[in-house]
Amino acid sequence: MSLALDPAAQELLFREARTANTFTDEPVTDEQVQAIYDLVKYGPTAFNQSPLRITLVRSPEARERLVKHMAEGNRPKTAVAPLVAILSADNEFHEELPALLPHFPQAKDMFFAERPVREQSALLNAALQAAYFIVGVRAAGLAAGPMTGLDFAGVQKEFLDADHTPLMVVNIGKPGEDAWFPRSPRLSFDEVVTTV
């Protein structure tokens, strides 16, 4: 059985897409980022919450501040990527629930009154949104280089606040020369799927 998604789109979004390690110097525009967000904001989350926050690192000064918090192997590519985004989870996302879930506004206080519950939910749902964001970057014809090799506490202190938990840093741009490592293996259907 074939998929509804066009084969070329399947290749672009999944089969041929890889984590980019080098980029051209072609800029990534605010309009491109807006188009990416306007596409991926519709990805499903629990209670329609939207805890993902995206901090675009554009200025040379901010880039320098970020690079020092990256793992050594991630510093060179973060230093030269056309655009870098810090993806974080807003642990106070519940404040927006009455607007995002108008048919059930009491969910804000009923399920998310306690901070540990909010943090757990924000982490899971922002991670889902981060995955949608990466696919959206690919849909824009760009490459993404998501990384978790970083000093999370340092990034939080440098760019965020106590209500925002950093998830990852994503380098974004057109892939450069030798951008890809060879494709690593994946588990087969039979290794992953169980029917009960």
Side-chain angles (χ1 to χ4, degrees), residues 5-6 8-45 50-90 122-152 154-160 164-184:
L5 190 64
D6 176 85
Q10 294 174 36
E11 298 297 317
L12 176 70
L13 299 178
F14 298 101
R15 292 193 188 95
E16 292 299 321
R18 307 224 181 101
T19 295
N21 294 289
T22 68
F23 298 90
T24 70
D25 58 2
E26 184 178 329
V28 176
T29 67
D30 287 337
E31 292 77 16
Q32 287 172 300
V33 178
Q34 177 80 48
I36 291 165
Y37 180 75
D38 286 343
L39 174 66
V40 303
K41 69 184 178 184
Y42 295 107
T45 57
S50 294
L52 180 69
R53 296 296 177 266
I54 303 166
T55 304
L56 300 178
V57 181
R58 287 206 180 271
S59 74
E61 298 79 17
R63 181 76 61 107
E64 188 175 314
R65 288 170 35 220
L66 175 61
V67 167
K68 71 181 183 182
H69 295 293
M70 301 304 296
E72 191 172 327
N74 291 333
R75 288 177 184 166
K77 50 192 167 187
T78 303
V80 300
L83 180 62
V84 181
I86 301 168
L87 304 188
S88 63
D90 181 354
L123 188 62
L124 172 62
N125 287 282
L128 283 172
Q129 290 185 287
Y132 304 142
F133 180 78
I134 292 166
V135 173
V137 168
R138 293 171 174 180
L142 301 169
M147 301 170 292
T148 56
L150 56 112
D151 173 5
F152 285 90
V155 168
Q156 182 177 30
K157 183 176 180 181
E158 191 84 41
F159 293 95
L160 307 171
H164 294 80
T165 303
L167 301 171
M168 66 184 70
V169 168
V170 183
N171 294 329
I172 304 168
K174 292 280 186 183
E177 191 174 329
D178 298 321
W180 322 115
F181 294 143
R183 170 73 79 191
S184 294

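- With rounding to the nearest 0.5 Å, the separation of OG1 in Thr148 from CE in Met70 is 8.5 Å.
- The two residues Val28 and Gly173 come nearest to each other via the heavy atoms CG2-CA, 3.7 Å.
- Glu16 pairs by the side chain to side chain donor-acceptor pair (under 3.5 Å) definition with nothing, not counting sequence neighbours.
- Separation of atoms CZ (Phe159) and OG1 (Thr55) is listed at 8.5 Å; rounding is to 0.5 Å.
- Pairs passing the salt bridge (charged side-chain N to carboxylate O under 4.0 Å, His left out) check and including a residue from residues 78-89, sequence neighbours excluded, do not occur.
- Judged as a salt bridge (Lys or Arg N to Asp or Glu O under 4.0 Å), and not counting sequence neighbours, Asp151 has no contacts.
- Between the OG1 atom in Thr19 and the CH2 atom in Trp180 there is a gap of 8.5 Å [rounded to 0.5 Å].
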Could you give the side-chain donor-acceptor pairs of residues 76-84 under 3.5 Å, partners two or more places apart or in another chain?
{"from": "Lys77", "atom 1": "NZ", "to": "Asn21", "atom 2": "OD1", "distance (Å)": "2.9"}
{"from": "Thr78", "atom 1": "OG1", "to": "Asn74", "atom 2": "O", "distance (Å)": "2.8"}

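- Residue pairs meeting the salt bridge (charged side-chain N to carboxylate O under 4.0 Å, His left out) criterion with at least one member in residues 20-30, sequence neighbours excluded, are Asp30-Arg58.
- Arg75 meets the salt bridge (Lys or Arg N to Asp or Glu O under 4.0 Å) test with no other residue; sequence neighbours excluded.
- Note that the NE2 atom of His164 and the CG atom of Leu87 stand 12.5 Å from one another [nearest 0.5 Å].
- Pairing each heavy atom of Leu167 with each of Ala89, the nearest pair is CG-N, 4.1 Å.
- For the pairing with His69, the side-chain hydrogen bond (donor to acceptor under 3.5 Å, both in side chains) check across Glu158, Gln156, Lys157 returns one residue only, Glu158.
- Atom CG of Asp6 sits in a crowded spot, with more than 12 heavy atoms from other residues, nucleotides or ligands closer than 6.0 Å.
- Residues that satisfy the side chain to side chain donor-acceptor pair (under 3.5 Å) test with Gln10, not counting sequence neighbours, are Arg15.
- Residues meeting the salt bridge (Lys or Arg N to Asp or Glu O under 4.0 Å) test with Arg53, sequence neighbours left out: Asp90, Glu96.
- Partners of Arg18 under the side chain to side chain donor-acceptor pair (under 3.5 Å) rule, at least two apart in sequence or in another chain, do not exist in this structure.
- For Arg63, there are no side chain to side chain donor-acceptor pair (under 3.5 Å) partners two or more places apart in sequence or in a different chain.
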Open item on the list: Determine whether Leu142 and Lys174 satisfy the following criterion, side-chain contact (heavy atoms from CB on, under 4.5 Å), listing intermediate values before the conclusion.
Closed with: CA-CA 5 Å; Leu142 301 169; Lys174 292 280 186 183; 4.2 Å; yes

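- Every residue two or more places apart in sequence or in another chain that forms a salt bridge (Lys or Arg N to Asp or Glu O under 4.0 Å) with Lys41 is listed here: Asp38.
- Here the straight-line distance linking atom OG1 of Thr45 with atom CG of Leu124 works out to 9.5 Å at 0.5 Å rounding.
- Put simply, CD1 on Ile86 and CG on Leu56 are 9.5 Å apart, with the number rounded to the nearest 0.5 Å.
- The shortest heavy-atom contact between Arg183 and Ala17 is NH2-O, 3.1 Å.
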Under 3.5 Å donor-acceptor pairs involving side-chain atoms of residues 129-141, not counting sequence neighbours:
{"from": "Gln129", "atom 1": "OE1", "to": "Leu52", "atom 2": "N", "distance (Å)": "2.9"}
{"from": "Tyr132", "atom 1": "OH", "to": "Pro44", "atom 2": "O", "distance (Å)": "2.9"}
{"from": "Arg138", "atom 1": "NH1", "to": "Leu13", "atom 2": "O", "distance (Å)": "2.8"}

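- Closest approach of Ala126 and Ser88 over heavy atoms only: CB-O, 4.3 Å.
- In this structure, Phe23 and Gly145 approach most closely via the heavy-atom pair CZ-N, 4.3 Å.
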